[in-house]
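Quick caveat, the model's predicted, so the values are computed rather than measured. Below, chains carry the letters A, B, ... as their sequence lines are ordered, and counting in each starts from 1.
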Amino acid sequence: MIKAPVLHQTHLLIPHEEPLPSSSLSPSPSPSSTSLHGIECKTREQECLPPLLQRCKCMEEFKQVHAQVLKLGFEANTRCAGGLVAACALSDWGSMSYACSIFEQIDEPDAFAYNSMMRGHVKDCEPEEAILLYNKMQHRGIQPDNYTFPSLLKACSYVSALQEGMQIHGHVFKYGFGDDLFVQNSLINLYGKCGDMKLCCGVFDQMDHTSVASWSALISSHARLGLWGECLRLFEDMNCEGWRPDESTLVSVLSSCAHLGALHVGRCVHNFLLRNMKELNVIVQTSLVDMYVKCGAVKNGLTLFHQMARKNLFSYSVMISGLALHGLAREALRIFSDMLEEGFEPDDVIYVGVLSACSHAGLLDEGHRYFDMMRNEHRIEPTIQHYGCMVDLMGRAGRLDDAHELIRRMPMKPNSIVWRCLLSASKVCQNIESAEVASRELFKLDPHNASDYVLLSNLYAECQRWEDAAKTRTKMVNRGLNQVPGFSLVEVKKKVHKFVSQDKTHPESEAIYEMIHQMEWQLRFEGYRPDTSQVLLDVDEEEKKLRLRAHSQKLATALALIHTCQGSTIRIVTNLRMCNDCHIYTKLISMIFERTIVVRDRNHFHHFTNGTCSCRDYW
DNA sequence: TTAGGGTTAG
């Protein structure tokens, strides 16, 4: 019998903390070995291989173990090769092409080898390969097990393969894994990613036992689809049922808070995190910054951002675009410069934030400088989004001709977003000619967006071209489009209150209208006259004034004034672009009632203090 | 008798 080589004698470069067994690897079976001896060798081999593979830290070390297996002639052995495939396909240092070559040598690959290969493909973002492999597995008559389905379903979710996913759901029942928690969670995730919320919730509702991952999959599915209110409701249910959310759940919740402007819930989540987590990872911290910024608490966001021990490109991006959204361009550019000093290489998304900061604040020269820097220093080809920012920047700065010229010179065909930027800039500059060119192109590319017609019609109205304003409105109505109903949300006494225009459904409605009356009375002393030019109704002037005074944003402001004291901050989220009248009205209210009023409209944040707005009247 | 689900931010 050939003496078994001891591991270090075979130059295996595996760092080991414990001494390895003296017979770590069996010798190559000689042709004269008895079958009994062969079986013995294989058994010993099987015992020794897993710990050796576990200790591999790089491909080089793995190849040495593989070489030993080849030397022993075990490459076709289901169990040995299966272990090699798993290690090579799933480790960070592994290689799928190498794993494939081992897999192909196996005489009779079992479910374990297939599962490992499928998972490896999913890990390497090759979901189609994983699905094809499952087909092969089926053709070879190999029974899938409970480990097969999670990665297979994940592969389907990557490519939103709903039909295939549903077929596989059938297989889950066929093979008897309908009650497996991991499989069920994977199904929730699959249906959520495919946007089929009925099936997604159906799987969850039918589960006898759930886990934090089940809730997390359900909650993130809702958040991903923009069902933020439902996401927060489910989060409440999860808490009521006694589940303790983890970081991944809370990131989805924070993202919903950010979209809804639900600062109070966001703050509760922050508190929970501080009380329950030892330290917060960079994703959670970035989500918190994003939540604070998007809920209008930009100072809190900035403080948290500066406290972050580790930042990545996402963190910088959230902060830069967040500051831009608040019109704090100088601060945004300072953070960008810090980022460069820290050695981060900016990408195209960062530059969208930088350019939009310049555009929000009318920094024309800086905008041009960063646009050049992006191309020349950082070798980033401008995308249509960057051109959109530049059009916005030039247009708002009054350079509409230059903006038109840039659109003509763009290397790609301008899309509706670019034309919408130009239309909006033309509105700011009150340039009807430019607005007509932009809207003509815009209505060709995207004729179903009611707010574009409203914008053009408002511009005509501002310029007293009533007939054209009416024509634009008729065109909108004829195309079956309705103006999206406006609403405003305001958080008062830890509760979010929603108002629509002319709302009288609030329990405190009487007091709210009394407050409106008082507000108007004081506003008149400051010279306020209602600006009815944007009221798109065939009614007389008095009726227009009545409509205007009960815009949702004013009702929300009135409720907040009733319940807050001088010096406090009122936060309002509104779904449409703020009308001119609400803008001037809120500026004066901030001064008369000594409140900071932060309004997030469809595009920007407006910080009203002492009679001025952070947008400097460009929005 | 080796492995699995929720990973979330611009």
At under 4.0 Å between heavy atoms, what does [X] touch on the DNA or RNA strands: base, sugar-phosphate, or nothing?
| X | answer |
| --- | --- |
| A/Ser116 | nothing |
| A/Val349 | base |
| A/Ile320 | nothing |
| A/Leu181 | base |
| A/Val284 | nothing |
| A/Asp145 | base |
| A/Glu247 | base |
| A/Ser287 | sugar-phosphate |

Between [atom2] on [N] and [atom1] on [X], what's the gap in Å once rounded to a whole number?
| X | N | atom1 | atom2 | value |
| --- | --- | --- | --- | --- |
| A/Leu273 | B/dA9 | CG | P | 15 Å |
| A/Ile168 | B/dG5 | CD1 | P | 15 Å |
| A/Asn146 | B/dT2 | CG | P | 11 Å |
| A/Gln54 | B/dT1 | CD | C1' | 13 Å |
| A/Gln285 | B/dG10 | CD | P | 16 Å |
| A/Leu250 | B/dA9 | CG | P | 13 Å |
| A/Arg244 | B/dG6 | CZ | C1' | 16 Å |
| A/Gln184 | B/dG5 | CD | C1' | 11 Å |

Between A/Cys389 and A/Leu355 the two heavy atoms that sit nearest each other are CB-CB, 3.7 Å
Counting only side-chain nitrogens and oxygens, does [X] get under 4.0 Å of the OP1 or OP2 atom of [N]?
| X | N | value |
| --- | --- | --- |
| A/Lys294 | B/dG10 | yes |
| A/Asn189 | B/dG6 | yes |
| A/Ser220 | B/dT7 | yes |
| A/Arg224 | B/dT7 | yes |
| A/Lys123 | B/dT7 | no |

Counting only side-chain heavy atoms from C-beta out, which of [options] sits nearest to [X]?
| X | options | value |
| --- | --- | --- |
| A/Asp110 | B/dT2, B/dA9, B/dG10 | B/dT2 |
| A/Lys193 | B/dT7, B/dG6, B/dA9 | B/dT7 |
| A/Ile283 | B/dT2, B/dG6, B/dT8 | B/dT8 |
| A/Val251 | B/dA9, B/dG10, B/dG6 | B/dA9 |
| A/Asp246 | B/dG6, B/dT2, B/dG10 | B/dG6 |

Does the pair [X]/[Y] count as a salt bridge with the N-to-O cut at 4.0 Å?
| X | Y | answer |
| --- | --- | --- |
| A/Glu60 | A/Lys63 | no |
| A/Glu366 | A/Arg330 | yes |
| A/Asp338 | A/Arg334 | no |

Stacking between B/dA9 and A/Phe314, yes or no? Criterion: centroid separation under 5.5 angstrom, plane angle under 30 degrees. yes
Is there ring stacking between A/Phe112 and B/dT2, where the centres must be under 5.5 angstrom apart and the planes under 30 degrees? yes
Atom CD of A/Gln385 with >12 non-hydrogen neighbours under 6.0 angstrom: no
Does any donor atom in the side chain of A/Asp145 or A/Thr148 lie under 3.5 Å from an acceptor atom in the other side chain? yes
Would the base of [N] count as contacting [X] through its side chain, where contact means a donor and an acceptor less than 3.5 Å apart?
| X | N | result |
| --- | --- | --- |
| A/Asp180 | B/dG5 | no |
| A/Asn115 | B/dA3 | yes |
| A/Ser211 | B/dG5 | yes |

I would like to know whether A/Glu230 and A/Arg233 meet salt bridge (Lys or Arg N to Asp or Glu O under 4.0 Å); could you show each step before the answer? CA-CA 5 Å; A/Glu230 186 61 10; A/Arg233 202 189 60 72; 2.8 Å; yes
